[in-house]
Amino acid sequence: MADIIPFRLKLTGDTADQHQFQGYDGYMALAGFAWTLALVTNYAETGKIRQRGEFLGRNAVRARAPAAGSMIADFAVWLEQNPAQVLGLTGVAASAFLYDLVSRVVARNLGEDTPSQTTQLNQLLERRAGDVEALVAKVEPAVRQTHAVIGNGATKMQILGGHNIINTYDERTRDYVKLNVEDDHEIEKDFSISAFNVNSGYGSVFDNNLGRTIPISMSREVLRKVSNVFTWGIDQYANKAGGRVLMKYTRILAMDGTPKRYIVQSAKRAPRRE
């Protein structure tokens with residue numbers, strides 16, 4: 001029997017306060033959020049990241065017609081599989097884990113590094129952090145699309161999982177996700193590798209200067225050359241062995257110059273620090 005897990009979008013400000021939004025941008029935003037849920041749900045139910053063709057997650061997400069009050073759109077995820085069993089985690093209510101995973105994926109796309117609310121997501125990050133970073137990257141276009149209504153019928157969108165606010169989209173987050181400034185200046189620096197997916201090249205590094213993790217990605221050509229270096233790096237991180245990776249990279253910046261992503265150009269094991 002499926003677990004039915006509710007989500008809600010509440011739009012306020014501008015014409016949303018009159019229970020209206022601009023038709024095209026409004027429905028594009030709702031479709032973007034439905035796609036966010038579909039991609040995350042598919043990973044929770046199958047352990048695989050999909051974004052094309054028919055897959056389990058896109059059939060699991062259902063929606064009701066928007067309702068007044070300001071503008072409310074209700075969604076439900078019909079979860080057929082237990083994520084804990086699929087992903088090899090200890091037992092947890094499916095709803096709590098899915099809310100936590102959606103929150104993590106959304107927050108990472110907004111440049112936020114929010115703490116996990118469930119021990120199961122912590123387990124997942126310990127074992128498959130590279131998968132989660134790859135999922136974050138695949139969801140980015142959907143998060144950007146969901147912001148289409150901000151400034152086009154609403155000034156704020158609250159995302160609710162059950163009775164709790166997962167995140168809020170507004171003009172600040174819209175500007176963050178919409179604008180990517182490419183900084184092609186090549187930088188060389190060593191990092192500890194906190195996550196890495198050997199199939200996609202997505203992952204994250206801990207930047208000591210910023211005091212937080214930064215997503216990384218790389219071309220297929222670069223991945224073929226350096227995947228063994230990053231595999232070694234994530235093993236060093238997991239075992240607290242202290243080994244670091246020396247990266248040459250360019251950057252994708254937000255409008256205010258904050259780094260959003262590092263694009264790896266080459267990498268090798270960093271010399272041990274004395």
What's the spacing between Arg224 CZ and Arg220 CZ if we round to 0.5 Å?
8.5 Å
Are Phe191 and Tyr249, when compared by the centres of their aromatic rings, separated by less than 6.0 Å?
yes
For the pair Tyr99 and Phe7, name the ring-plane relationship: parallel under 30°, tilted 30 to 60°, perpendicular over 60°.
perpendicular
Taking the side chain as every heavy atom from C-beta outward, state whether Leu110 and Tyr169 have any atom pair closer than 4.5 Å.
yes
Between Ser194 and Ser204, is there a donor-acceptor pair closer than 3.5 Å when you use the side chain of the first and the backbone of the second?
yes
Cationic N near anionic O, under 4.0 Å, Glu45 to Arg50:
no
Taking side chain as C-beta onward, heavy atoms only, is Arg212 less than 4.5 Å from Asp207?
no
Could you check whether any side-chain N or O of Asp256 sits under 3.5 Å from a backbone N or O of Thr258, counting only pairs where one atom can act as donor and the other as acceptor?
yes
Any side-chain donor near an acceptor of the partner, Asp131 and Tyr43, under 3.5 Å
yes
Checking Thr118 side chain against Phe97 main chain: does a donor-acceptor pair fall under 3.5 Å?
no
Value for CD (Gln120) from OG1 (Thr90), rounded to nearest 0.5 Å, stands at 4.0 Å
I'd like to know if the side chain of Gln117 pairs up with that of Ser103 as donor and acceptor (distance under 3.5 Å, no hydrogens or angles considered).
no
Tell me yes or no: between the side chains of Glu112 and Asn167, is some donor less than 3.5 Å from an acceptor?
yes
Of all heavy-atom pairs linking Ser217 and Arg261, the shortest is OG-CD, 3.3 Å
Under 4.5 Å between any side-chain heavy atoms of Gln158 and Leu9, yes or no?
no
Can you check whether Asp14's main-chain N or O pairs, donor with acceptor, with Thr155's side chain at less than 3.5 Å?
no
Presence of salt bridge, Lys156 and Asp170, under 4.0 angstrom
no
Taking Arg244's backbone N and O only, do any of them form a donor-acceptor pair with Gln236's side chain (distance below 3.5 Å, no angle check)?
no
I'd like to know whether CZ of Arg128 has more than 12 heavy-atom contacts from other residues, nucleotides or ligands below 6.0 angstrom.
yes
Kindly indicate whether the side chain of Trp232, heavy atoms from C-beta on, has any atom under 4.5 Å from the side chain of Val245.
yes
Between Lys260 (side chain only) and Tyr176 (backbone N and O only), is there a donor and an acceptor less than 3.5 Å apart?
yes
Any donor and acceptor pair, going by atom type alone, linking the side chain of Asn42 with main-chain N or O of Ile49 inside 3.5 Å?
no
Does one side chain, of Asp113 or Thr213, offer a donor that lies under 3.5 Å from an acceptor on the other?
yes
CZ/Arg127: more than 12 non-hydrogen atoms of other groups inside 6.0 Å
yes
Main-chain N/O of Trp78 paired with Glu80 side-chain donor or acceptor, under 3.5 Å
no
Where Leu87 and Gly47 come nearest, the two heavy atoms and their spacing:
CD2-CA, 3.7 Å
